[in-house]
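Following: one structure in structure tokens, then a few remarks.
Keep in mind that the numbers below use all heavy atoms, side chains included, and drop hydrogens, waters and symmetry copies. Keep in mind it's a predicted model, so treat the numbers as computed, not measured.
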Amino acid sequence: MSSTNNTATYADCVTALRTSLSYLDSSVTTLGDGVSDFPRLVDVLKTTRHYELIPQRTLQIAESSLRSELLPAITGLLDRVDARIDRVDRRIESLRARAELQQGRLEKNPHIDENQNKKTTGQGQLQGMGKARARTLKQKRETLQYSIERLELEVLQKERELRKRLDTAAA
């Protein structure tokens with residue numbers, strides 16, 4: 001009896017052990033299925049920081065640092081632009097004065113040349129030279145007027161660029 005009883009106890013133990021092993025095998029399979037998707041889950045659940053928040057004080061320090069670095073450069077550029085504009089203005093004024101002088105000469109010279117040509121001999125040759133000179137002076141005047149207009153446009157363009165730079169620097 002004791003041997004039958006032991007055999008029955010052993011058989012129950014073996015059965016319980018086999019059941020436990022099947023449960024354990026089933027658990028391992030379930031865990032394996034759950035872990036097999038783990039690399040994808042890591043990517044899905046990974047948090048990404050899109051915006052980094054910084055304290056207001058750090059931002060103010062960075063702004064003041066940029067201002068202290070950029071302000072001298074901007075001031076230097078503005079001084080250079082002002083000097084360049086002054087030079088261009090002086091150039092325009094000198095070209096205008098020169099054009100007016102040439103205009104005055106053109107207005108005076110044809111009458112004087114005609115009177116002198118009539119008094120001297122070889123009127124045709126001298127009158128032809130006067131007309132050639134008048135044409136030359138007229139071409140120079142037109143060239144100077146074109147130069148003045150071009151320089152005025154350059155000044156306006158540089159002023160626009162300067163305003164844009166100042167607006168972007170102020171913003």
Side-chain angles (χ1 to χ4, degrees), residues 32-171:
D33 291 342
V35 174
S36 68
D37 201 25
F38 189 70
R40 186 186 69 82
L41 287 175
V42 167
D43 288 338
V44 169
L45 297 175
K46 185 189 293 185
T47 58
T48 303
R49 183 182 276 179
H50 293 286
Y51 301 100
E52 186 167 335
L53 301 177
I54 57 172
Q56 183 69 24
R57 181 71 184 140
T58 306
L59 185 61
Q60 290 172 345
I61 290 171
E63 282 180 3
S64 66
S65 172
L66 280 174
R67 274 194 204 109
S68 66
E69 289 176 13
L70 295 177
L71 192 61
I74 291 172
T75 305
L77 288 173
L78 289 174
D79 292 341
R80 286 176 53 194
V81 167
D82 287 339
R84 178 71 176 160
I85 288 172
D86 290 340
R87 275 190 304 231
V88 169
D89 286 340
R90 286 193 304 269
R91 176 90 170 128
I92 288 171
E93 290 302 317
S94 69
L95 287 173
R96 282 186 181 152
R98 196 168 157 193
E100 289 173 7
L101 178 65
Q102 295 292 341
Q103 181 66 31
R105 287 181 182 168
L106 279 175
E107 291 172 359
K108 288 180 183 179
N109 284 342
H111 299 297
I112 295 171
D113 285 343
E114 287 177 14
N115 292 337
Q116 288 176 350
N117 288 341
K118 290 179 182 175
K119 294 177 184 177
T120 60
T121 58
Q123 283 181 331
Q125 186 180 12
L126 288 178
Q127 195 173 10
M129 289 177 65
K131 287 183 181 180
R133 185 165 188 265
R135 258 187 275 125
T136 305
L137 290 176
K138 186 175 180 181
Q139 287 174 346
K140 284 184 182 179
R141 184 186 77 197
E142 290 172 355
T143 303
L144 290 174
Q145 286 175 340
Y146 173 76
S147 296
I148 289 171
E149 290 173 4
R150 186 177 48 81
L151 289 172
E152 287 174 342
L153 290 174
E154 283 181 20
V155 167
L156 290 174
Q157 180 65 28
K158 291 202 186 276
E159 287 175 352
R160 276 190 226 116
E161 290 175 3
L162 177 63
R163 282 189 204 111
K164 285 182 183 176
R165 288 182 190 160
L166 289 175
D167 290 343
T168 56

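- Put simply, the side chain of Leu162 reaches to within 4.5 Å of the side chain of Leu166, judged on heavy atoms.
- Here the straight-line distance linking atom CD of Gln60 with atom CZ of Arg57 works out to 6.0 Å at 0.5 Å rounding.
- Shown here is Arg160, whose CZ atom has more than 12 heavy atoms of other residues, nucleotides or ligands within 6.0 Å.
- Under the rule for a side-chain contact (heavy atoms from CB on, under 4.5 Å), Gln139 has no partner lying at least two apart in sequence or in another chain.
- In this structure, the side-chain contact (heavy atoms from CB on, under 4.5 Å) partners of Glu161, at least two apart in sequence or on a different chain, are Gln157, Arg165.
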Indicate every side-chain donor-acceptor pair of residues 77-85 with a distance under 3.5 Å to a residue at least two apart or in another chain.
none

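- Sorted by first then second residue, the side chain to side chain donor-acceptor pair (under 3.5 Å) pairs that include residues 62-74, not counting sequence neighbours, number zero.
- Under a cut-off of 6.0 angstrom, the local environment of CZ in Arg141 is crowded, with over 12 non-hydrogen atoms contributed by other residues, nucleotides or ligands.
- Every side-chain contact (heavy atoms from CB on, under 4.5 Å) that Arg96 has, sequence neighbours left out, goes to Ile92, Glu93, Ile148, Glu152.
- A search for side chain to side chain donor-acceptor pair (under 3.5 Å) contacts involving Arg150 returns Glu154, not counting sequence neighbours.
- Annotation: side chain of Arg91 is not in contact with side chain of Arg87 (no heavy-atom distance under 4.5 Å).
- Of all heavy-atom pairs between Ser36 and Asp33, the closest is OG-O, 2.9 Å.
- Considering CG of Leu95 and OG1 of Thr143, their distance stands at 11.0 Å, rounded to 0.5 Å.
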Exercise. Just do the side-chain contact (heavy atoms from CB on, under 4.5 Å) check on Leu71 and Thr75 with the steps written out, would you?
Key: CA-CA 6 Å; Leu71 192 61; Thr75 305; 4.2 Å; yes

